[in-house]
Colleague: 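Quick one: this structure, given as structure tokens, is what I'll be asking you about.
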Amino acid sequence: MALLEVDGLKAGYGRIEVLHGISLRLEPHALCAIVGANGAGKTTLLMTLSRLVPIRAGHVRFDGRDVTRVRPHQLVRAGLVHVPEGRRMLAQMSVEENLLVAAAAQPSAATAAHIRELYERFPILGTRRSLPAGSLSGGEQQMLAIARALVARPKALLLDEPSMGLAPKLVEQIFEIIAAERARGTSILLVEQNARKALALADYAYVLERGAIALEGKGVDLLGRDEIVAAYLGVTPATS
Amino acid sequence: MIAQQLLNGLFLGAVYALFAVGYTLVFGVLDILNLAHAAIFTAAAFAAFSLASMGVPIPLALLAAAVMAGIMGILLDRVAFAPLRARNAGTLVPLISSIGVAIVIGAVLRGIYGVDERHFAIGGAAAAPVIHLGTVRFTTVELLIFLSAIALMLVLGWILRATALGRSIRAVAEDRVAAALLGVDLERTIGATFFIASSLGGAAGVLTGLEYNSATIDMGGPIELKGLAVIILGGMGSVTGAVAGGFILGAVETLAIAFGLSAWRDAILFGVMFLLLVARPTGLFGKRTLRAA
Ligand SMILES: Nc1ncnc2c1ncn2[C@@H]1O[C@H](COP(=O)(O)OP(=O)(O)OP(=O)(O)O)[C@@H](O)[C@H]1O
Ligand SMILES: [Mg+2]
């Protein structure tokens, strides 16, 4: 059974409907990519899955339970954690406080040890722990954004353009972190501008076009169809 | 003479600051001005008066009135703000609905207490024993008012800095979406913010009532305007700024009196504020400009 199952999801802002009935599934331990042009509705989809944009129609099941009507923090507790576009640092708070805010939202108290563990995994965050998160470099901020999400020990991660605005070497590093997290058994729903990379990594992928799924299939299959990459993703084939 | 006035300013400023920290805390978290803050301030003063007249010791009456004010704050949020928040109503509509709640609180107080002034049996600050310290003098009650206000602000500072709730409040104030995605329960955190802010506002009301030995229906009027001046001056949403602003306001007011300009007091006050804001539009400690008023 799928870990995350979305059925006929509709959502939007004010009078505008942005998502026109999205259905998708994320299997346990899988990495699923969502690609699509600017403004296709990728961020809106993730924000709706996190309930920060209200659901207008459709159903969402997570981990065997209907979660269509829960509040955002309950999803985090259930293990569905979203790393937002633009990283959204609590910039005036320290690195450690960013992690502690996430820790305090967890019911279990074994978090001090867990945060130490995260510092071991991301040593750079350990050395920066008392600095304001806003003073970190882009790559460090993205690392903190991911580490912050891992505090909740998620079953599934929603990642919105984690490589945005990063230098190629850092993009590499972030993708390594994502691959490592997936190897630990976390399911990942990955939204990426960098479509080739995302498709290459993905078990399964969806192409989102103007608020609807235009195409879906195995990551490598989509990647193999250069005309699709060119048409939907706006990148010229056979580069990178 | 100047030393005495500065001391008076310090005493006065502590209570202004106490009122203003609650005001600015709610703004920091919700980006809205809670125009019922002064009504809760007044209600708490009357509640403490009632308790004191039933023989409850003043410190206990202060505590009870502050807790009651905190609960009023939670109710205020549920009634005036939460439903609008759920509908993304922006920042202007809640302003109006908080005025509505303020009017209701005022009407209820008028219904219970009539329009007469109330006095504490202990006789207020002026009637208390006097302490002489070098060239300055003050009464024990003045000192207790000052110490209570300072103690409450220190507690607030500690909560915000060192507790999980405080971190959640700061997280929501900084980025509500980010906080929610980290698992912070927004509604609970906002409710707690209202409790804290309103109980501090209520405590300021009780202390003001003690200071002048009177509680009146319209006692919230002047402090509402001054509180607004203080939080704009300090920087909207900045607790440190509200404390600094409160003391500046107290000092300007008492110094104006000392120089025989008491009729010009408010003009000087708002003049100083105007100049400071021209120099620093976000206020002393503020990071953002006023959006909601
Ligand atoms: N807060 C908002 N209010 C109103 N409209 C919005 C809002 N956010 C996004 N939109 C609109 O919804 C549509 C989808 O935007 P969304 O940000 O979800 O796209 P995206 O696929 O994430 O794009 P990008 O690749 O640029 O991140 C766009 O037309 C956008 O203008
Ligand atoms: Mg986006």
Side-chain angles (χ1 to χ4, degrees), chain A residues 13-14 43 46-47 49-54 70-94 96-109 111 132-134 141 144-154 157-160, chain B residues 24-25 27-29 31 77-78 82-90 93 157-193 234-241 282-288:
Chain A
Y13 308 94
T43 296
L46 295 200
M47 291 299 255
L49 289 177
S50 301
R51 295 309 174 284
L52 285 156
V53 171
V70 302
R71 298 202 286 135
H73 70 276
Q74 295 170 316
L75 282 171
V76 177
R77 272 181 213 175
L80 182 65
V81 187
H82 177 170
V83 179
E85 187 177 62
R87 329 193 210 291
R88 297 194 94 127
M89 292 290 101
L90 300 169
Q92 293 170 46
M93 297 173 77
S94 71
E96 177 131 315
E97 282 180 324
N98 270 263
L99 296 169
L100 286 173
V101 167
Q106 289 307 308
S108 77
T111 42
Q141 290 194 1
L144 177 56
I146 293 173
R148 225 167 47 163
L150 295 182
V151 169
R153 300 186 190 278
L157 272 177
L158 311 177
L159 303 177
D160 197 345
Chain B
T24 212
L25 196 60
F27 183 87
V29 168
D31 273 356
D77 175 48
R78 289 288 106 201
L84 297 171
R85 195 157 62 235
R87 269 174 234 167
N88 272 326
V93 185
W158 174 78
I159 290 176
L160 289 178
R161 216 169 342 94
T163 70
L165 172 64
R167 278 191 294 269
S168 298
I169 289 174
R170 283 188 290 139
V172 175
E174 206 179 315
D175 184 340
R176 192 188 296 193
V177 168
L181 293 181
L182 293 179
V184 174
D185 183 341
L186 290 185
E187 291 303 313
R188 224 194 58 170
T189 305
I190 291 170
T193 305
M236 299 297 293
S238 163
V239 169
T240 318
T282 56
L284 296 174
F285 292 84
K287 303 206 162 53
R288 346 175 242 203

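Convention: sequence-line order gives letters A, B, ...; per-chain numbering from 1. Both backbone and side-chain heavy atoms feed into the values below; hydrogens, waters and symmetry mates do not. Everything quoted here is computed from the prediction, not taken from an experiment.
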Colleague: What part of A/M89 lies closer than 4.5 angstrom to a heavy atom of chain B: side chain, backbone, both or neither?
Modeller: backbone

Colleague: Heavy-atom pairs under 4.5 Å with chain A - which of B/A164, B/A171, B/A178 has more of them than the others?
Modeller: B/A171

Colleague: Which atoms form the tightest heavy-atom contact between B/V184 and A/A105, and what is the distance?
Modeller: N-CB, 3.8 Å

Colleague: Any idea which heavy atoms bring A/L90 and B/L182 closest together, and the distance?
Modeller: CD1-CD1, 4.1 Å

Colleague: Is B/L181 close to A/L52 at the side-chain level, that is, under 4.5 Å between some pair of heavy atoms?
Modeller: yes

Colleague: Is it the side chain or the backbone of A/R71 that comes within 4.5 Å of chain B heavy atoms, both, or neither?
Modeller: side chain

Colleague: Please list all pairs passing the salt bridge (charged side-chain N to carboxylate O under 4.0 Å, His left out) test where one or both residues lie in residues 75-92 of chain A, with sequence neighbours left out.
Modeller: A/R88-B/D175

Colleague: Tell me, side chain or backbone of A/A91 under 4.5 Å from chain B's heavy atoms, or both, or neither?
Modeller: both

Colleague: Kindly indicate, with the supporting measurements, whether the criterion side-chain contact (heavy atoms from CB on, under 4.5 Å) is fulfilled by A/M47 and B/V177.
Modeller: CA-CA 9 Å; A/M47 291 299 255; B/V177 168; 3.6 Å; yes

Colleague: Among A/A102, A/P54, A/A104, A/A149, which has the most heavy-atom pairs under 4.5 Å with chain B?
Modeller: A/A102

Colleague: Taking the side chain from A/Q92 and the backbone from B/E174, do they hold a donor-acceptor pair closer than 3.5 Å?
Modeller: no

Colleague: Taking only residues two or more places apart in sequence, or in another chain, which ones meet B/R78 in a side chain to side chain donor-acceptor pair (under 3.5 Å)?
Modeller: B/E187

Colleague: Quick one, B/R188 and A/H73 - any side-chain contact, counting heavy atoms below 4.5 Å?
Modeller: no

Colleague: What is the minimum heavy-atom distance between B/R167 and A/M93, and which atoms define it?
Modeller: O-CE, 3.6 Å

Colleague: Let me know if B/R161 has heavy atoms under 4.5 Å from chain A in its side chain, its backbone, both or neither.
Modeller: backbone

